[in-house]
Each structure stands twice: as structure tokens, then as C-alpha cells.
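What follows is a single structure, written as C-alpha cells, with notes after it.
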Amino acid sequence: SEEAALALARGARSALGVDIAVSETGITGPTGGNAERPIGLVWIAVVGPGDRELAERRVWESDRVGNKALTAQRSLAMVLEAAESSGS
């Protein structure tokens with residue numbers, strides 16, 4: 001969920017004492033999905049300076065490896081967006 005992803009990112013930022021933290025949670029497959037939470041559903045959250053928080057819901061339609069790669073790529077892009085907007 002969005003709440004879980006944000007809580008994970010907040011916790012990582014606090015525990016590690018870093019400016020920006022990212023988290024990912026979801027169901028990358030090949031099993032574990034249902035009608036409400038389909039395979040490929042992920043939440044990505046980034047927490048940065050000034051209490052800036054971003055969270056995105058994505059539903060990828062690849063296999064497990066592809067879903068993980070797409071999630072990692074989007075996570076890094078979100079970290080860059082947060083860093084650029086904060087001037088870090």
C-alpha cells in the first residue's frame with residue numbers, strides 16, 4: 001500500500017540518517033496476486049529533504065525479473081527527481 005511504502009522510506013531515512021530514502025513494496029510475481037492486488041502491482045515511495053514525499057502505484061505487465069527491473073528503474077528516477085527538486 002501507499003502507507004506501507006511511505007512508512008518504509010521514512011524509517012529508512014531516519015534509521016540511516018540520509019537525505020533521501022526509497023522503498024518498494026508489492027507483488028512482482030509469478031504468484032501471489034488477486035483481483036484487488038494483481039501480480040505486477042508495486043508501490044514506490046521516496047522521502048527527501050523538507051519532508052518531501054512521493055509515492056507511486058504501478059502495475060507492471062512483465063515477468064518477475066522484468067517487474068523488478070522496471071521497479072528499480074522507476075525508483076532511481078524518482079530519487080533523481082527528489083534530489084533535483086530539493087537542490088541536493
Side-chain angles (χ1 to χ4, degrees):
S1 69
E2 178 177 13
E3 296 81 12
L6 284 167
L8 288 166
R10 288 180 197 125
R13 184 170 181 234
S14 176
L16 299 171
V18 295
D19 292 333
I20 297 174
V22 63
S23 71
E24 306 163 347
T25 184
I27 305 166
T28 57
T31 62
N34 59 41
E36 198 173 297
R37 295 177 35 171
I39 292 171
L41 169 66
V42 296
W43 275 95
I44 305 165
V46 175
V47 176
D51 295 324
R52 180 165 170 78
E53 297 185 344
L54 307 169
E56 285 188 8
R57 179 186 188 272
R58 296 288 176 137
V59 179
W60 308 119
E61 296 184 7
S62 188
D63 61 8
R64 180 177 178 82
V65 172
N67 291 339
K68 289 173 76 171
L70 291 165
T71 300
Q73 289 171 358
R74 183 61 194 139
S75 296
L76 291 173
M78 289 174 67
V79 168
L80 288 173
E81 290 168 17
E84 289 170 356
S85 69
S86 70
S88 295

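- In terms of heavy-atom proximity, I27 sits nearest to G33 at CG2-N, 4.0 Å.
- Without hydrogens or angle criteria, S23 side chain to A5 main chain gives a donor-acceptor distance under 3.5 Å.
- For the side-chain hydrogen bond (donor to acceptor under 3.5 Å, both in side chains) with W60, the lone residue among N67, T28, T71 that qualifies is T71.
- Interatomic distance, OG1 of T25 versus CD of E3, reported as 11.5 Å (0.5 Å rounding).
- E53 has a carboxylate O that lies under 4.0 Å from a charged side-chain N of R10, or vice versa, which qualifies the two as a salt bridge.
- The closest donor-acceptor contact from the side chain of R13 to the backbone of D19 lies under 3.5 Å.
- A distance of 12.5 Å separates CZ in R58 from CD in E24, rounded to the nearest 0.5 Å.
- Cluster annotation: V79 is connected to I44 through the hydrophobic network of ILVMFWY side chains, with a link wherever side-chain heavy atoms come within less than 4.5 Å.
- Using a distance-only test at 3.5 Å, with no hydrogens or angles considered, a donor-acceptor pair links the side chain of R64 to the main chain of G29.
- For P30 against I39, the heavy-atom pair with the smallest separation is O-CD1, 2.9 Å.
- Annotation for A9 and V47: closest pair CB-CG2, 3.5 Å, computed over non-hydrogen atoms.
- Between N34 and R37, the closest side-chain pair of non-hydrogen atoms falls below 4.5 Å.
- The two atoms that bring L6 and A45 nearest to each other are N-CB, 3.7 Å, heavy atoms only.
- Cluster membership check: V42 shares its hydrophobic cluster with L70, using side-chain heavy-atom separations under 4.5 Å among Ile, Leu, Val, Met, Phe, Trp and Tyr.
- Taking hydrophobic clusters as Ile, Leu, Val, Met, Phe, Trp and Tyr residues chained together by side-chain heavy-atom distances below 4.5 Å, L54 shares a cluster with V22.
- Hydrophobic clustering, with ILVMFWY side chains joined whenever heavy atoms are under 4.5 angstrom apart, groups I20 together with M78.
- For E2, the CD atom is densely surrounded, since the number of other residues' heavy atoms within 6.0 Å is greater than 12.
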